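Written below as structure tokens is the structure these notes are about.
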Amino acid sequence: MGVQETKDEKSVDKSADRIREMFGEIAPKYDFLNNFLSIGLAKRWRKFLVAKVYKSLVEDVSGVSRVETLDVATGTGDVVIETHRQWKRVQKKFGGDLQLVGVDFVPKMLELARKKADRKKIVNAEFVEGDGMNLPFQSNRFDAVTIAFGLRNMADPQRGIAEMTRVCRPGGVVAILEFSPTKFPVFASLFRFYFHKILPAIGQAVAKNSKDAYRYLPESVDAFDKPETVAEFMRQNGLEDVTRYPMTFGVLGLFIGKKRV
Ligand SMILES: C[S@@+](CC[C@H](N)C(=O)[O-])C[C@H]1O[C@@H](n2cnc3c(N)ncnc32)[C@H](O)[C@@H]1O
């Protein structure tokens with residue numbers, strides 16, 4: 001299947017300036033709305049992402065002295081915090097220390113992430129400003145590279161995947177959590193109504209912004225690459241054993257793959 005056939009991004013402006021301004025404007029309300037509009041499911045989704053990453057990692061890092069993870073488009077740092085939280089459970093399997101890095105190109109998001117990590121007394125997390133399509137890290141550095149609800153926002157998602165893979169070490173894990181239009185019978189039409197009508201109205205009312213961020217959300221999901229295309233991008237960019245776990249009636253999915261050794 002050709003990559004071009006699966007895209008319809010003409011109507012969605014994903015220029016870096018627009019995306020940066022939009023997330024900068026909604027940053028103070030991001031956590032509240034994220035929780036509220038997902039009826040608390042966003043936390044569970046991130047838990048699932050992190051659990052799968054550790055499960056995949058544990059196969060070949062036992063005995064290493066340090067595990068280092070990167071979360072791309074980290075926003076207010078929730079995946080970093082969840083990675084830290086689950087570490088306590090899996091630490092004995094690894095036998096080393098954990099170092100966490102989150103990267104995002106919106107300074108306001110990073111400021112909130114740092115504050116949240118400080119409040120939780122997480123001392124092994126660093127939040128760095130940078131673009132997911134041109135990551136400011138050396139190649140082959142991280143044991144695991146994650147992204148949650150960020151890839152869809154990149155003007156060139158394939159480049160985002162290539163960058164995540166580049167900074168991941170051979171044998172390490174790349175994991176992508178992203179929405180997709182659900183086709184689940186009956187549920188799909190109800191969800192579409194919620195996603196396209198109710199969510200933008202609530203989102204805009206709570207997080208007033210000039211970029212219509214909560215209308216952009218469903219539009220960007222509709223315009224995003226099909227799951228098969230994302231999986232294909234992952235394979236083309238050097239990942240193997242690529243698996244997709246559909247979640248919550250197909251509203252989103254977790255893609256996970258290992259960098260070829
Ligand atoms: C929907 S939020 C997701 C935040 C977080 N990962 C979560 O789970 O809640 C998307 C984030 O992606 C960031 N982002 C979008 N495009 C990016 C890019 N090219 N480089 C770095 N960050 C980007 C935005 O600034 C925003 O913080």
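In each ligand, atom 1 is the first atom listed, and ligand 1 is the first ligand listed. Predicted model only: the values in this text are computed from it and were never measured. Below, all heavy atoms of this structure are taken into account, side chains as well, without hydrogens, waters or symmetry copies. FYI, the numbering just counts along the sequence from 1.
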For [atom], the protein heavy atom that lies nearest, with its residue and separation:
| atom | value |
| --- | --- |
| atom 14 (N) of ligand 1 | Phe105 CE1, 3.6 Å |
| atom 12 (O) of ligand 1 | Ala73 CB, 3.2 Å |
| atom 10 (C) of ligand 1 | Phe149 O, 3.5 Å |
| atom 19 (N) of ligand 1 | Asp131 OD1, 2.9 Å |
| atom 9 (O) of ligand 1 | Tyr30 OH, 2.7 Å |

Under 4.0 Å from a heavy atom of [X]: which atoms of ligand 1 are those, numbered in the order shown and with their elements?
| X | result |
| --- | --- |
| Arg46 | 7 (C), 8 (O), 9 (O) |
| Gly75 | 4 (C), 27 (O) |
| Gly132 | 18 (C), 19 (N), 20 (N), 21 (C) |
| Val106 | 25 (O) |

Asn237 and Thr165: side-chain donor and acceptor closer than 3.5 Å?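 Absent: no donor and acceptor within the cut-off.
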
Pairing donors with acceptors under 3.5 angstrom, does anything connect the side chains of Asp17 and Ser15?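 The answer is no; no qualifying pair exists.
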
Is [X] close enough to touch ligand 1? Criterion: a residue heavy atom under 4.0 Å from a ligand atom.
| X | value |
| --- | --- |
| Arg20 | no |
| Ile19 | yes |
| Gly130 | yes |

Looking at Phe127, does the NZ or CZ of Arg114 lie under 6.0 angstrom from its six-membered ring centre and within 45 degrees of the ring axis?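 Pair Arg114/Phe127 does not count as cation-pi.
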
Polar-atom distance check: Phe23 versus ligand 1, any N or O pair below 3.5 Å? no

How about CZ on Phe187, more than 12 heavy atoms from neighbouring residues, nucleotides or ligands closer than 6.0 Å, or not?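 Enclosed: over 12 neighbouring heavy atoms sit under 6.0 Å from CZ of Phe187.
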
Are Asp131 and Arg159 close enough for a salt bridge, meaning some N to O gap below 4.0 Å?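 A salt bridge is absent here (no side-chain N lies under 4.0 Å from a carboxylate O).
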
If hydrogens are left out, which of Asp104, Leu49, Asp156 has an atom nearest to atom 13 (C) of ligand 1, that is, the closest non-hydrogen atom?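 Ranked by closest heavy atom to atom 13 (C) of ligand 1, first place is Asp104.
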
Can you tell me which portion of Thr74 lies within the under-4.0 Å heavy-atom range of ligand 1? Options are side chain, backbone, both, or neither.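 Under 4.0 Å from ligand 1, Thr74 contributes backbone atoms alone.
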
